[in-house]
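Remarks on the structure that follows.
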Amino acid sequence: MSAQLIDGKAIAQKVREEVAAQVAKRSAAGKRQPTLATVLVGDRPDSAAYVASKGKACAELGMGSISQHLPADATQEQVESLVRQLNADPKVSGILVQLPMPAHINEERVLALISIEKDVDGFSPLNIGRLAQKGREPLFVPCTPYGCIYLLEQAGVKIEGANAVVLGRSNIVGMPAALLLISRNATVTVCHSRTRDMAAVVRQADILIAAIGKTEMVRGDWIKPGAAVIDVGINSVPDATKKSGHRLVGDVNFEEAKEVAGFITPVPGGVGPMTIAMLMKNTLRAAEIQEP
Ligand code: NDP
């Protein structure tokens, strides 16, 4: 293996420790406990598990959490009224509405209602708009792309002036990742399902962020020698040697890419652990904005 492994688990743990230390410092100074409110609508088991793990992370770091659960048939008005109530509640530092919501709920309207000062997921149009504008600063950056950039910075990868390629243009990963790279002065190309000859584009990349959800689609011979590869993809493949019968792999063929890349994140243990760590960092930041 020639690439240096970027250990997301260890870097996420360091972020968590730093957040916990700041939380304790604020508490010793008599300040309000940073508190995350989660909103879950419906009964998707994966969403329920994500919300539970966020509550657990809050407890581990000395932060508070409030978990709000509405039934799958909740109305748009009920969801919006809950978000308004959380916006007005001074005990709540940050609000996270777990996506996806049931199909009859207009997610865009719900996200737009979250107060910009409590938008710890960074999905409100105000935060995304600020991220997209030159010279403007969002209050919060979406957690997964924030984690990707943080990993690059911690690994010492130079972003300024680099050719960066982002695979995927979703609202939650690809697009904000591209905007973040531009704001850090990279030259950015975004690929998606209509891109012609993606391999040729990827071969130009000094930095590659892959977020397409396609099992090991990026092959080793697509990677520019020495490139930094951040693999966001989480794909499940059958594996008879595992008790669960499956294992997780990324969008990049790790075994091939690690022989060519300069830096690479594993799956699991790369970007995955960063997402919740950055959510905790954002929740602390929300508390600091509301009560400096
Ligand atoms: P989406 O399905 O919302 O978006 C996928 C993007 O990839 C789209 O822009 C789509 O293009 C593009 N795409 C799909 N197929 C191809 C293809 N064959 N060639 C080129 N582009 C393609 O996914 P997400 O952004 O939500 O997630 C992406 C991956 O990241 C998933 O594996 C997901 O599990 C993982 N993930 C991991 C997180 C973590 O914490 N580590 C957090 C969030 C996601 P188009 O726009 O044209 O449809």
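Starting from 1, each residue takes its place in the sequence as its number. Just follow the structure's listing: the first ligand is 1, and inside any ligand the first atom is 1.
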**Message:** Quick test of your reading of the structure: of Met278, Met274, Lys214, whose heavy atom lies closest to atom 15 (N) of ligand 1?
**Reply:** Lys214
**Item:** Glu60: partners by side chain to side chain contact (heavy atoms under 4.5 Å, CB included), with sequence neighbours left out
**Value:** Arg16, Lys56
**Complete:** Any heavy atom of Met198 under 4.0 Å from ligand 1? The part involved is side chain
**Prompt:** Got Leu5 and Pro266 here, is their nearest side-chain heavy-atom distance under 4.5 Å?
**Reply:** yes
**Request:** Please confirm whether Ser170 comes within less than 3.5 Å of ligand 1 when only nitrogen or oxygen atoms on both sides are compared.
**Result:** yes
**Asked** Nearest protein heavy atom to atom 20 (C) of ligand 1, by residue and atom, and its distance?
**Response** His192 O, 3.2 Å
**Prompt:** Do you see a donor-acceptor pair shorter than 3.5 Å between the side chains of Lys54 and Gln98?
**Reply:** yes
**Item:** Nearest-neighbour protein heavy atom for atom 37 (C) of ligand 1, which is reported as residue plus atom name and distance
**Value:** Val232 O, 3.2 Å
**Request:** Test Leu70 against Val79 for side chain to side chain contact (heavy atoms under 4.5 Å, CB included), laying out the working first.
**Result:** CA-CA 8 Å; Leu70 294 176; Val79 180; 3.9 Å; yes
**Distance-minimising heavy-atom pair for Gln76 and Asn106** = OE1-N, 2.7 Å
**Request:** Indicate whether the side chain of Glu18 and that of Gln22 have a donor and an acceptor atom separated by less than 3.5 Å.
**Result:** no
**Message:** If we only consider heavy atoms of Ala211, is any one of them less than 4.0 Å away from an atom in ligand 1?
**Reply:** yes
**Request:** Give a yes/no on ligand 1: does Gly272 have at least one heavy atom closer than 4.0 angstrom to it?
**Result:** yes
**Request:** Dump the intermediate steps for salt bridge (charged side-chain N to carboxylate O under 4.0 Å, His left out) on Asp221 and Arg219, then the final yes or no.
**Result:** CA-CA 6 Å; Asp221 65 358; Arg219 308 301 303 256; over 6 Å; no
**Message:** Please compare Val218, Thr275, Val249 and report which has the shortest non-hydrogen distance to atom 39 (C) of ligand 1.
**Reply:** Thr275
**For atom 10 (C) of ligand 1, the protein heavy atom that lies nearest, with its residue and separation** = Ser193 N, 4.3 Å
**Asked** Tell me: protein heavy atom nearest atom 29 (C) of ligand 1, and distance?
**Response** Gly213 N, 3.7 Å
**Enumerated ligand 1 atoms positioned under 4.0 Å from heavy atoms of Thr144** = 40 (O), 42 (C)
**Ligand-side contact atoms (ligand 1) for residue partner Gly168, heavy atom cut-off under 4.0 Å** = 6 (C), 7 (O), 9 (O)
**Request:** Report the member of Leu167, Thr195, Ile234 with the shortest heavy-atom distance to atom 33 (C) of ligand 1.
**Result:** Ile234
**Item:** Test item: Asn253 side-chain N/O and Glu216 main-chain N/O as donor-acceptor pair under 3.5 Å
**Value:** no
**Request:** Before signing off on this row, confirm whether Arg169 and ligand 1 have an N or O atom pair separated by under 3.5 Å.
**Result:** yes
**Asked** Numbering the atoms of ligand 1 from 1, which are under 4.0 Å from a heavy atom of Val173?
**Response** 25 (O), 43 (C), 44 (C)
**Request:** Could you list the atoms of ligand 1 found under 4.0 angstrom from a heavy atom of Ile172?
**Result:** 26 (O)
**Request:** Report the residue from Lys118, Glu117, Gln68 that forms a side-chain contact (heavy atoms from CB on, under 4.5 Å) with Ile95.
**Result:** Lys118
**Between Thr283 and Ser93: side-chain donor-acceptor atoms closer than 3.5 Å** = no
**Item:** Sub-4.0 Å protein heavy atom next to atom 2 (O) of ligand 1
**Value:** no
**Prompt:** Would you call Leu208 and Val202 a side-chain contact if the rule is heavy atoms closer than 4.5 Å?
**Reply:** yes
**Request:** Would you kindly specify which portion of Ile212 sits under 4.0 Å from ligand 1, judged on non-hydrogen atoms: side chain, backbone, both or neither?
**Result:** both
**Prompt:** Going by the atom numbers of ligand 1, which of them fall below 4.0 Å from some non-hydrogen atom of Met217?
**Reply:** 18 (N), 19 (N)
**Request:** List the steps and the verdict of side chain to side chain contact (heavy atoms under 4.5 Å, CB included) for Val165 and Ile207.
**Result:** CA-CA 6 Å; Val165 171; Ile207 294 172; over 6 Å; no
